[in-house]
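In what follows, a single structure is set out as structure tokens and then discussed.
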Amino acid sequence: MLELLAYLHDSELVARFQRRCGLFLTEAAHLSGEEKRTLTGSPLRHVEKPGEKLKERRHQQDNNSNDKYKENGSAVSGCDRPQYEVRNRLLYFLFLVSAGLGHEVFYITCLPCIHWSLDPFLCRRLVNMWILVMYVGQVMKDLLKMPRPLSPPVVKLETRVDAEYGLPSTHAMAATSISFTLLLSATSRLQFQFEVGLMIAVVLSSLVCLSRLYTGMHSLLDVICGVLISAVLMFLTYPYWEAIDHFQLTSPISPVVGLVLPLFLSYTYPQLDHYSTTRGDTTTILGAGAGCSVGYWVNEQLGQTFEPQGALPVPLPTVTANVLAIGTARYLVGVVALLGTRQLAKTISLRTLYSWYRVPLTDVNARRRKEIEVPYKFVTYTSVGLVNSILVNRIFILLGLL
């Protein structure tokens, strides 16, 4: 069993998958840009600038299996990443787009569309499961402290999460939970062919999972564990989804629980011996979920939930030019509202916290401090969640889009 786990966690397995998909490491670091084009036939990414050399280079691996070198005792990164060549552009862009389905940009621009244009009930279910699986996954990462694939031999296409640990893959967890929660919840709300929905869920979640191998950010073991953990969490909570909905919408203590519990979880997040984006990302997710939860409760109390009227399940809307135009207008107005809220809340909260802790506004690294990072991210994304669930649909009504 241990041998199987070691095999699934092997970096060479990831590197072989990358090569099969047309992504190759190259040993052209010492050549000029023109010579590299001659050697490979195409420009390389992460190319070292001419004249940049590492004196007294000493190769090491950091806590997450990323290359780092030392120059006179100081860590050097960025320009010294292994260079790579892309030989299959189609798969390159396909997997980069698929990987983007697990990033903040997707969550803030695409998930709310389900609330605005389909059914707030479905969005509420998705947000609840998304919060659960992401929190569990992020905490497990920082408790297990399993390294990401070694680089080299693996090409790493993302840099932001280098300091995070690997197991489980939260991209795999989110993709699995979102796809199949939507599928299971939509059967009672919308008329559609289940087999088609199942195929779409499998394809989307598979693409995201494979993208984590292609980008070199996770081992096969990380991805498999992410899918299995997400499946287990869905299996365990599925019988209680209706009860959770009822409590969330009708209980007088729902908004208190919806705010206090996520804030508590954000402040009690496991501490690491180095800075990682996991605490900030987890706070972002918990804050967005808290705002949505309170917003859905407020809508219920106001008697305007914006859910489909009539007998359920309702037929899917017919795609016409008018429907597409209205959907596009809703999307643009909604995204502007959310991004504007995010920027405004972020600016106000950061300025307030910097002033409170007497930190210069130019000190960008101060955002990594727990006493600043947690409240500013929580306030920012709670505001986004509130605007998404309460205000955006009402703006649509004022503009004649709903």
Side-chain angles (χ1 to χ4, degrees), residues 1-29 44-46 58-69 77 80-88 91-92 94-96 98-99 101-102 133 136-176 202 205-232 272-274 276-278:
M1 185 64 178
L2 291 178
E3 290 182 359
L4 175 61
L5 294 178
Y7 172 76
L8 294 175
H9 195 59
D10 186 12
S11 300
E12 186 57 37
L13 193 62
V14 179
R16 287 204 300 269
F17 176 79
Q18 290 182 320
R19 292 192 292 269
R20 291 277 183 135
C21 295
L23 186 63
F24 292 84
L25 276 176
T26 180
E27 299 297 333
L44 303 177
R45 289 150 181 81
H46 298 307
R58 180 158 56 94
H59 178 271
Q60 292 183 340
Q61 295 282 348
D62 64 13
N63 288 338
N64 291 299
S65 304
N66 304 309
D67 266 345
K68 67 179 183 180
Y69 303 93
S77 61
D80 300 296
R81 290 184 168 278
Q83 301 169 54
Y84 61 90
E85 177 187 5
V86 177
R87 298 182 186 175
N88 189 322
L91 290 180
Y92 176 75
L94 173 65
F95 285 129
L96 286 190
S98 299
L101 299 180
V133 299
V136 170
Q138 296 284 63
V139 169
M140 287 185 67
K141 276 185 183 180
D142 288 341
L143 292 180
L144 296 175
K145 298 183 177 181
M146 295 287 287
R148 291 182 181 271
L150 299 172
S151 177
V154 170
V155 179
K156 292 195 175 183
L157 299 182
E158 296 179 10
T159 59
R160 179 180 176 273
V161 294
D162 270 357
E164 291 185 13
Y165 292 103
L167 191 149
S169 166
T170 46
H171 273 71
M173 293 182 71
T176 303
V202 170
S205 55
S206 298
L207 280 175
V208 174
C209 291
L210 291 175
S211 76
R212 304 318 288 159
L213 300 177
Y214 183 85
T215 55
M217 302 314 297
H218 286 287
S219 68
L220 184 57
L221 181 64
D222 299 341
V223 172
I224 291 174
C225 287
V227 172
L228 292 179
I229 292 168
S230 189
V232 169
L272 290 178
D273 56 359
H274 65 281
S276 167
T277 55
T278 49

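Taking both residues in full, the closest heavy atoms of Pro168 and Gly137 are given as CD-O, 3.7 Å, listed atom of the first, atom of the second, then distance. Of all the heavy atoms in Ser276 and Glu164, the pair that sits closest is OG-CG, 3.3 Å. Counting all heavy atoms, side chain and backbone alike, Thr176 lies closest to Ala172 at OG1-O, 2.8 Å. Closest of all the heavy-atom pairs between Asn88 and Cys21 is CB-O, 3.4 Å. Here the closest heavy-atom approach between residue Phe17 and residue Tyr214 is recorded as CE2-N, 3.8 Å. Heavy-atom minimum distance, Val14 versus Gly216: CG1-CA, 4.2 Å.
Under the 3.5 Å distance criterion, the side-chain polar atoms of His218 are left unmatched by any main-chain donor or acceptor of Leu167. The main-chain N or O of Val154 is found under 3.5 Å from a side-chain atom of Ser151 such that the two form a donor-acceptor pair. Remark: side-chain polar atoms of Ser230 are not paired, donor with acceptor, to backbone N or O of Gly226 under 3.5 angstrom. Judged by distance alone, with hydrogens and angles left aside, the side-chain atoms of Arg148 form a donor-acceptor pair with the main-chain N or O of Met217 at under 3.5 Å.
Residues Val133 and Ile229 are not in side-chain contact: their nearest non-hydrogen atoms beyond the backbone lie 4.5 Å or more apart.
Between atom CD1 of residue Ile224 and atom SG of residue Cys209 there is a gap of 9.5 Å, rounded to the nearest 0.5 Å. To the nearest 0.5 angstrom, Leu220 atom CG is 10.5 Å from Asp10 atom CG. Rounding to the nearest 0.5 Å gives a distance of 10.0 Å between CE of Met173 and CG of Leu228.
Among residues at least two apart or in separate chains, salt bridge (Lys or Arg N to Asp or Glu O under 4.0 Å) pairs with a member in residues 207-220 are Glu158-Arg212.
Note on ring orientation: taking the six-membered ring where Trp is involved, the planes of Tyr165 and His274 are perpendicular (angle over 60°, cut-offs 30° and 60°).
Ser219 is linked by a side-chain hydrogen bond (donor to acceptor under 3.5 Å, both in side chains) to His9, Asp222, counting only residues two or more places apart in sequence or in another chain. In this structure Arg19 satisfies the salt bridge (Lys or Arg N to Asp or Glu O under 4.0 Å) test together with Glu12, sequence neighbours excluded.
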Checklist entry - Do Lys141 and Thr278 pass the side chain to side chain donor-acceptor pair (under 3.5 Å) test, and can you show the C-alpha distance, the side-chain angles, and the key distance before you say yes or no? => result CA-CA 9 Å; Lys141 276 185 183 180; Thr278 49; over 6 Å; no
Next on the checklist: One pair to check against side-chain contact (heavy atoms from CB on, under 4.5 Å): Leu157 and Leu23. What are the steps and the verdict?
Outcome noted: CA-CA 10 Å; Leu157 299 182; Leu23 186 63; 4.0 Å; yes
Item to check | Verdict with reasoning, Leu5 to Leu221, per side-chain contact (heavy atoms from CB on, under 4.5 Å) | outcome: CA-CA 7 Å; Leu5 294 178; Leu221 181 64; 3.8 Å; yes
Item to check | Derivation and outcome, side-chain contact (heavy atoms from CB on, under 4.5 Å), residues Phe95 and Leu210 | outcome: CA-CA 7 Å; Phe95 285 129; Leu210 291 175; 3.6 Å; yes
